[in-house]
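Data first, discussion second: the structure below is written as structure tokens.
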There are 2 protein chains.
Amino acid sequence: MMEHDIFRALADPTRRTIFEKLANGSMNASALRQGMDISQPAMSQHLAVLREARLVREQREGRFVNYQVDPDGLALIAEWLAKYRAYWPTRIDALKLLLKDMDQ
Amino acid sequence: MMEHDIFRALADPTRRTIFEKLANGSMNASALRQGMDISQPAMSQHLAVLREARLVREQREGRFVNYQVDPDGLALIAEWLAKYRAYWPTRIDALKLLLKDMDQ
DNA sequence: ACAATACATAAGCACAAACTTATGTGATTC
DNA sequence: GAATCACATAAGTTTGTGCTTATGTATTGT
């Protein structure tokens, strides 16, 4: 399932780090490895998992492959979260953050 | 880490089902097992993981333990999601859902 | 055409996670 | 107070996940 792929992908701390890096700007696989102490195949495998979860998109550019955040994955998380909106109001601070960000 | 516990907890389909059940009304562990083909210890272990992730709260009631959704966990997901708001606008439908739910 | 670069894929191993059976604990009932 | 019920915990087994080394596949440069 789609939803399953997303949560499974984000369950790994290394993949969350990769995703966060890409959120700060698109990069190719080699650039992502900088300062991460991770092998080339491991990075490639992580990116494949993130791709399958639609959290990340690839774009061939010559012999490089540029990676960027795929909004589809995030939207699916937002949808999942929306299902439980009934339980949100009790924690106001985080919700204010969300509302503030969306009102613009 | 806190964030890690949450994503790890939600990575398991059985735990997501349990969480979803609890979102439709608090229940004790035995009631949760109904129609789930899961052993008593397995259920207990899943609930422990959800508890550690602050996705679920327990409340002793005699010899029963009533479980309910803990908003804290959801709030943490919302905070995580908010960090990537820059990538939301491209998928409008899901955002409209969120906004509609929150405007009331 | 050949070498080098950037990345993907395959196969195997090590560890973690989810299950099992067995047993423990606390509360209720008789 | 003994039995029962609801649940937690322990220990062991199996399955899954992430790594490694090795190799494959495009693309570029000479």
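A quick note: this is a predicted structure, and the numbers were derived from the prediction, not measured. Any value given below was found using the heavy atoms of this structure, including those in side chains, with hydrogens, waters and symmetry copies removed. Proteins come first, then strands; the chains are lettered A, B, ... in the order of their sequence lines, and each starts at number 1.
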Next item on the list: Using a 4.0 Å heavy-atom cut-off across all strands, classify Arg33(B) as base, sugar-phosphate, or nothing.
Entry: nothing

Next item on the list: Let me know the distance between CG of Leu32(B) and C1' of dC7(D), rounded to the nearest Å.
Entry: 12 Å

Check: Rounding to a whole Å, what distance do you find between Leu10(A):CG and dT17(D):P?
Finding: 14 Å

Item checked: Separation of dC7(D) C1' from Gln34(B) CD (nearest whole Å) -> 15 Å

Notebook entry, point to check: Does Arg16(A) use its side chain to pair, donor to acceptor, with the backbone of Leu10(A) at less than 3.5 Å?
Noted result: yes

Check: Roughly how far, to the nearest 0.5 Å, is the OH atom of Tyr67(B) from the NZ atom of Lys21(B)?
Finding: 15.0 Å

I'd like a table of donor-acceptor pairs (distance under 3.5 Å, sequence neighbours excluded) in which one partner is a side-chain atom from residues 36-45 of chain A, with atom names and distances.
residue, atom, partner, partner atom, Å
Ser39(A), OG, Ala42(A), N, 3.2

Measure all distances between protein nitrogen or oxygen atoms and nitrogen or oxygen atoms of nucleotides 17-23 of chain C, and list the pairs falling under 3.5 Å.
residue, atom, partner, partner atom, Å
dA18(C), OP1, Arg15(B), NH2, 2.9
dA18(C), OP2, Arg15(B), NH1, 3.4
dA18(C), OP2, Arg15(B), NH2, 3.3
dC19(C), OP2, His46(B), NE2, 2.4
dT20(C), OP2, Ser39(B), OG, 2.9
dT20(C), O4, Gln45(B), NE2, 3.1

Checklist line | Euclidean distance, atom CE of residue Met43(B) to atom C1' of dA8(D) [Å, nearest integer] | finding: 14 Å

Margin query: Without decimals, in angstroms, what is the distance between Leu50(B) CG and dC7(D) P?
Written below: 15 Å

Item checked: Pair Arg54(A) + Asp5(A): basic N to acidic O under 4.0 Å -> no

Note to self: Using the side-chain heavy atoms of Asn28(B), tell me which of these nucleotides is nearest: dT27(D), dC7(D), dT28(C).
What the structure shows: dC7(D)

Check: Under 4.5 Å between side-chain heavy atoms, hopping through other hydrophobics if needed: is there a path connecting Ile18(B) to Val49(B)?
Finding: no

Check: Distance check: side-chain N/O of Tyr67(A) vs OP1/OP2 of dA8(C), anything under 4.0 Å?
Finding: yes

Checklist line | Atom pair CD (Glu58(A)) and CG (Leu47(A)), whose distance is rounded to the nearest 0.5 Å | finding: 9.0 Å

Checklist line | Protein-nucleotide distance (Arg63(A), atom CZ; dT27(D), atom C1'), rounded to Å | finding: 7 Å

Checklist line | DNA chain D: 5'-proximal contact among Glu61(A) and Val65(B) (nearest heavy atom) | finding: Val65(B)

Notebook entry, point to check: Taking the six-membered ring for Trp, are Phe7(A) and Trp80(A) parallel (under 30°), tilted (30 to 60°) or perpendicular (over 60°)?
Noted result: perpendicular

Check: Between dT9(C) atom P and Glu52(A) atom CD, what is the distance in whole Å?
Finding: 9 Å

Note to self: Could you tell me how far apart Arg60(A) (CZ) and dT25(D) (P) are, to the nearest whole angstrom?
What the structure shows: 14 Å

